[in-house]
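No hydrogens, no waters, no symmetry mates; every other heavy atom, side chains included, goes into these values. Each residue takes its place number in the sequence, starting with 1. When a ligand or atom number is given, it counts from 1 through the structure's own listing order.
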Amino acid sequence: MKKYVIALDQGTTSSRAVAFDRNANIIGMRSQEFKQYYPNPGWVEHDPFDILNSQLKALKALLSDYRIKPEEIDSIGVTNQRETIIVWDKDTGKPIYNAIVWQCRRTAPICEQLKKDGHEKLIREKTGLVIDAYFSGTKIKWILDNVVGARELAVKGQLIAGTVDTWLIYHLTNKKCHVTDASNASRTMLYNIIENRWDQELLSILDIPMNILPEVVENSRIIGEYQLNNVAIPISGIAGDQQAALFGQNCVSVGDAKNTYGTGCFILLNIGNQPLQSENGLLTTIAWNYKGKTTYAFEGSVFNAGSSIQWLRDEMKLIDNASESEACALKVNDTNDTYFVPAFTGLGTPYWDMYARGTIVGLTRGTNRNHLIRATLESIAFQCMDVIECMEKESGTKINYLRVDGGASANNFLMQFQADITGLEVIRPKINEITALGAAFLAGLATGFFTDIEHLKNLNEIDRKFNCNTNEFFRENRKSKWHKAIEKSKGWA
Ligand code: ADP
C-alpha cells in the first residue's frame, strides 16, 4: 500500500526530506546542512557531492526515524535552489568544478559585456529575465572558459550540465536521466520561455554547446526511478523552489499570488498562459508545464525583509528574537509617524536604485523602541505592497488573494498590516513546508496518488485569514508617507 509522497527540498544551506500522506499532512521531516565555500570575495560555491550526500542523508534519516518502508513510498518530487549550476562528466558522474551558486557574482563582468554588446532587449524578450550574474547561463560559460579542456570535452559530448534538480535526478536514477523542467530552465537565461525550448541564438552568444543541456520535461510526469533496497520508486515531480511554493500554495488560477517572507521576500503572481513582459523590472518566468499547458508567473523580490528584523536583533539589540517583534509592535497604537526604509543593499522592484541606503524618517523626542520595531515590520509590508501594485499594473490583473509562507509569515501583526495596506485578503496555510508540499503535489498528481488540482485545494488547510480593516483614506495617506520616505533613501551611497 502506497502511503507517502516524499519531497526532496534541496536549499542553499540545507537539504530537506519531507514525507506527506494522502491528505497532505506532514508525517515527518529531516534536514541536513552542508558547507558553503567562499573562495574569493563575492564568490559562492558548493561541493556537488555535499549537495547529493546531504540530500540522501536527510532522506535516509527521514525513513529510519519515521519507520517508512520503501514499498510504502508512492513517488518522489524534487524542488531545489534555483540558478545554481553544475557541469559533470556524463560517464563518471563526477563534476569538473564545484557548483556555482546563485549568489555568486563572479560572472558580473560577462554580464557587463553582454549589456555592452546590446543583448539586453533580446534576452529580456526571449527569457523574461534581466541580464544578471544571478542566472545560470554565464556561470556555465565561466566553467567552460576557465576549466582547462572543458569546452573541447563539452563539444565532444563528454560533459553535461544542469541545475541542482538535474544533478540530483541524474544520480538518483543511476545516471539514466539527464532532465530538468521549465521552471528551472527559465532561470538559466538560455531558455526561450515563449517557444518553450533551449534557444540556439542565446547559446551561441554565450558559446555554450546545446548538447550539454538536459531534456526539459513536464513538471508532473514520471521521469525515472530511484532504487531503494530493491524497490523502484518513481521520480515524478520537479520544480524550482519559488515555483514549487506557488504550486504548493494552490495558486493555479490567473491572479493568484504568493509571498514567501524570509530573509528577503519572493512574490510570484500567476499570469496565466501568456508570457507578459514587464516594464519595471519584474521577471517573467515559467511557473510550470502541466498537461501540455504552460503557465507563466511574474516574479518580484524584496531584498531586505526578515533581514531587517535580524538587524534589530543583532545590530540594534532592540529584541532578543525575531518573534518578539510582534508583541513589541502591538504595545503601541502606531509608529508615531516613523518610517523605516531598510534599503541596506539598495532598492529592487520597482525602484531599482542600487545606491539607495537604509533611512529612518519622522523621529521625534517621543519615538520609542516599539515605534521603531513596528515601523520595521511595516516596512516589510510596504515594500511588498510596492511589488504587488507593480504586478497588478503590469499584468492588468487584479490579485485575487495573497497566500503567505516563510519564517516571518508567522508574525500576525505583519500579516494583518499586509492586508490593511494592500486591501488584499492574506491567507496563511497550516503547513509551513510549502515548497516541499508543491513538489509533493506535482509528484503525486503524476502517479494518481493525488486525484486532481482542485482536490489539492481542499487538502491545504488554512491556518488563518487576515482581512483588510482599513479604508481607502488610511491606505492612501500611509502609502504617500511611505513613498516620501523612499525618496529620502534614494541615491545615498
Ligand atoms: P530564509 O529561508 O531566507 O533563511 P526563513 O523562511 O527561514 O528565511 O525565515 C527567517 C527570517 O524570518 C529571518 O530573517 C527572521 O528575522 C524572520 N522571522 C522569523 N520569525 C519571525 C517573526 N515571528 N516575525 C518577524 N520576522 C521573523
Side-chain angles (χ1 to χ4, degrees), residues 7 9-16 18 26 29 31-34 36 44 46 54 58 79-84 101-103 134 164 240-246 248-249 258-268 299-331 335 340 342 344-345 348 358 369-370 372-384 403-419 426 428-439 463-464 466:
D9 179 359
Q10 205 302 307
T12 310
T13 56
S14 71
S15 301
R16 295 159 187 250
V18 190
I26 294 184
M29 201 271 281
S31 79
Q32 183 68 39
E33 290 196 9
F34 58 90
Q36 311 285 314
V44 189
H46 295 154
S54 62
T79 179
N80 56 293
Q81 51 167 320
R82 302 177 304 172
E83 297 99 8
T84 298
V101 179
W102 58 272
Q103 295 147 320
Y134 179 23
V164 170
D241 54 10
Q242 296 306 323
Q243 287 95 332
L246 192 70
Q249 288 278 23
K258 75 93 195 171
N259 190 1
T260 303
Y261 296 80
T263 310
C265 284
F266 278 97
I267 308 171
L268 269 75
E299 176 169 325
S301 45
V302 168
F303 301 148
N304 287 288
S307 57
S308 63
I309 304 295
Q310 289 167 348
W311 178 76
L312 291 182
R313 184 193 62 193
D314 302 338
E315 262 62 49
M316 295 296 105
K317 316 270 184 220
L318 289 182
I319 46 176
D320 291 327
N321 54 64
S323 57
E324 195 190 337
S325 61
E326 179 174 340
C328 296
L330 290 169
K331 280 188 195 146
T335 65
F340 173 25
F344 300 132
T345 51
R369 161 181 175 258
N370 295 329
L372 191 56
I373 293 167
R374 187 168 169 128
T376 309
L377 287 169
E378 287 192 359
S379 79
I380 299 175
F382 275 124
Q383 293 181 92
C384 296
R403 310 261 322 198
V404 298
D405 55 85
S409 72
N411 191 304
N412 294 320
F413 169 80
L414 172 60
M415 294 302 104
Q416 183 59 52
F417 188 72
Q418 190 71 81
V426 171
R428 184 172 63 200
K430 272 194 184 151
I431 285 186
N432 50 15
E433 296 292 335
I434 280 292
T435 306
L437 181 64
D463 169 48
R464 194 163 158 187
F466 299 86

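- The contact set between ligand 1 and Gly406, taken as ligand atoms under 4.0 Å from a residue heavy atom, comprises 6 (O).
- Atoms of ligand 1 lying under 4.0 Å from any heavy atom of Ser307, numbered from 1 in the order shown and given with element: 14 (O).
- In terms of polar-atom proximity, Leu377 is not counted as a contact of ligand 1, lacking any N or O under 3.5 Å from an N or O of the ligand.
- Nearest non-hydrogen protein atom to atom 21 (C) of ligand 1 is Ala322 CB, 3.6 Å.
- Each of the atoms 24 (N), 25 (C) of ligand 1 lies under 4.0 Å from some heavy atom of Ser325.
- Distances shorter than 4.0 angstrom occur between a heavy atom of Gln310 and an atom of ligand 1.
- With atom 20 (N) of ligand 1 as the reference point, the heavy atom nearest to it among Ser409, Gly407, Ala329, Ser14 is part of Gly407.
- Although no hydrogens or angles enter the test, the distance criterion places no donor-acceptor pair under 3.5 Å between the side chain of Ser307 and the main chain of Asn304.
- Atom 3 (O) of ligand 1 has its closest protein heavy atom at Thr263 OG1, 2.6 Å.
- For the pair Glu324/Arg313, no side-chain contact is recorded, criterion being any heavy-atom separation below 4.5 Å from C-beta on.
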Start with the C-alpha gap between Thr79 and Asp9, add the side-chain angles, then the distance that decides, and say whether side chain to side chain donor-acceptor pair (under 3.5 Å) holds. CA-CA 5 Å; Thr79 179; Asp9 179 359; 4.8 Å; no

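- Within 4.0 Å of atom 7 (O) of ligand 1, not a single protein heavy atom is present.
- Ser15 and Gln10 form a side-chain donor-acceptor contact under 3.5 Å, judged by distance and modelled atom types alone.
- Those atoms of ligand 1 that come under 4.0 Å of a heavy atom in Ser323, given as number and element, are 22 (C), 23 (N).
- Judged purely by atom type and a 3.5 angstrom limit, Arg16 has no side-chain atom pairing as donor or acceptor with the backbone of Met29.
- Looking from atom 25 (C) of ligand 1 to the surrounding protein, the closest heavy atom is Asn411 ND2, 3.6 Å.
- In this structure, the protein non-hydrogen atom closest to atom 26 (N) of ligand 1 is Ala408 CB, 3.4 Å.
- Using a 4.5 Å heavy-atom threshold, the side chains of Thr260 and Leu268 count as separate.
- The shortest contact between atom 16 (O) of ligand 1 and any protein heavy atom is with Gly306 O, 3.0 Å.
- When only non-hydrogen protein atoms are considered, atom 11 (C) of ligand 1 lies nearest to Gly262 C, 3.9 Å.
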